[in-house]
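Working notes, beginning with the structure itself.
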Amino acid sequence: GAGVSQSPSNKVTEKGKDVELRCDPISGHTALYWYRQRLGQGLEFLIYFQGNSAPDKSGLPSDRFSAERTGESVSTLTIQRTQQEDSAVYLCASSRAGANEKLFFGSGTQLSVL
Amino acid sequence: SQQGEEDPQALSIQEGENATMNCSYKTSINNLQWYRQNSGRGLVHLILIRSNEREKHSGRLRVTLDTSKKSSSLLITASRAADTASYFCATAGNTPLVFGKGTRLSVIA
């Protein structure tokens, strides 16, 4: 696609429910990142995929968070048993290669946990 | 932590004035990048400066990097109301890009 696409753009869920967030990176981009941004705050790194290498999961805040990526395409971020503190914008980004290249961001998913 | 820290947290200027934002970081880097964010959603890449570069220009943007002080600055000249946004620095090294908390710039027409 022309840009990084994220869906849904907004998600409202009840505390305790599971949610899945989707990211379609730019075609040909081997690197994919997930970040979380709470209101008025900076970006928290969650997870990084690079090609077929094992993902860097060092930023995942708890075992309720997981992410998968199929090859060099779509990624899903799953949050199980959502809590109110999970409310944030979840941003996905991709880059051509490596951890030092410029990132192209999607518009994010605004998650609200009631 | 490699995290960049922007300064000031918020900046308000008149249209036509210059805006300067600073970023400090703690460890060695390969490059430093600046991004812009409108309305709390996706970020847009503005400029990348490598560790062996000291200054870079792109249109009305000027970025400097001082690796000895572990600091960078972003200058926006002749600001416009449309420059109103949050600006983030991000450092690239041995870990995925690490972002600071940002500077909120308001340009008043």
Side-chain angles (χ1 to χ4, degrees), chain A residues 2-10 23-26 29-50 53-60 67 87-112, chain B residues 1-10 21 23-53 56 58 61 63 65 74 85-106:
Chain A
V4 178
S5 177
Q6 290 188 248
S7 61
S9 57
N10 290 281
C23 173
D24 276 283
I26 293 173
H29 280 194
T30 60
L32 187 147
Y33 304 73
W34 285 97
Y35 289 90
R36 176 172 71 178
Q37 186 178 32
R38 293 197 167 105
L39 185 64
Q41 301 298 309
L43 277 68
E44 298 175 65
F45 166 73
L46 296 177
I47 189 168
Y48 163 63
F49 295 90
Q50 172 55 55
S53 302
D56 179 347
K57 303 180 181 180
S58 60
L60 295 178
S87 296
V89 175
Y90 289 81
L91 292 162
C92 175
S94 69
S95 68
R96 286 184 303 174
N100 292 340
E101 299 294 318
K102 72 177 186 180
L103 302 187
F104 294 80
F105 279 84
S107 296
T109 294
Q110 172 71 65
L111 175 65
S112 300
Chain B
S1 169
Q2 190 176 291
Q3 185 176 28
E5 292 289 340
E6 292 89 344
D7 168 57
Q9 291 186 353
M21 288 159 269
C23 171
S24 60
Y25 57 94
K26 296 180 180 177
T27 62
S28 62
I29 61 172
N30 292 326
N31 67 63
L32 186 144
Q33 304 176 29
W34 285 90
Y35 289 79
R36 167 193 167 127
Q37 183 180 42
N38 287 77
S39 305
R41 298 304 279 253
L43 281 73
V44 175
H45 180 267
L46 295 176
I47 197 164
L48 181 155
I49 185 164
R50 302 194 185 281
S51 60
N52 61 353
E53 298 176 310
K56 205 161 183 180
S58 176
L61 304 180
V63 169
L65 179 64
L74 170 67
S86 291
Y87 292 83
F88 294 87
C89 69
T91 50
N94 295 326
T95 59
L97 274 184
V98 179
F99 287 79
K101 295 183 178 180
T103 292
R104 175 69 190 170
L105 174 65
S106 298

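If you're wondering where the values come from, they're calculated on a predicted model, not measured in any experiment.
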- Shortest non-hydrogen contact from B:Leu48 toward A:Asn100: CD1-O, 4.1 Å
- Step-by-step side chain to side chain contact (heavy atoms under 4.5 Å, CB included) determination, A:Leu91 to B:Gln37: CA-CA 12 Å; A:Leu91 292 162; B:Gln37 183 180 42; 4.2 Å; yes
- Query: What part of A:Tyr35 gets closer than 4.5 Å to chain B, counting heavy atoms only: side chain, backbone, both or neither?
  - Reply: side chain
- Item | Residues, nucleotides or ligands: over 12 heavy atoms within 6.0 Å of B:Glu53 CD | yes
- Structural part of A:Ser58 lying under 4.5 Å from a heavy atom of chain B: neither
- Message: Could you walk me through whether A:Leu103 and B:Leu43 satisfy the side chain to side chain contact (heavy atoms under 4.5 Å, CB included) test, starting with their C-alpha distance in whole Å, then the side-chain angles of each, then the deciding distance to 0.1 Å, before giving a yes or no?
- Response: CA-CA 9 Å; A:Leu103 302 187; B:Leu43 281 73; over 6 Å; no
- Exceeds 12 heavy-atom contacts within 6.0 angstrom, atom CZ of B:Arg50: no
- Correct closest heavy-atom pair for B:Phe99 and A:Leu43 would be CB-CB, 4.0 Å
- From A:Gln37 CD over to B:Lys101 NZ, what is the distance, rounded to the nearest 0.5 angstrom? 12.5 Å
- dist B:Ser86:OG -> A:Gln41:CD (nearest 0.5 Å) comes out at 11.0 Å
- Heavy-atom pair with the smallest gap, counting every atom of B:Gln33 and A:Lys102: OE1-CA, 3.4 Å
- Distance, nearest 0.5 Å, that separates CG of B:Asn30 from CD of A:Glu101: 10.5 Å
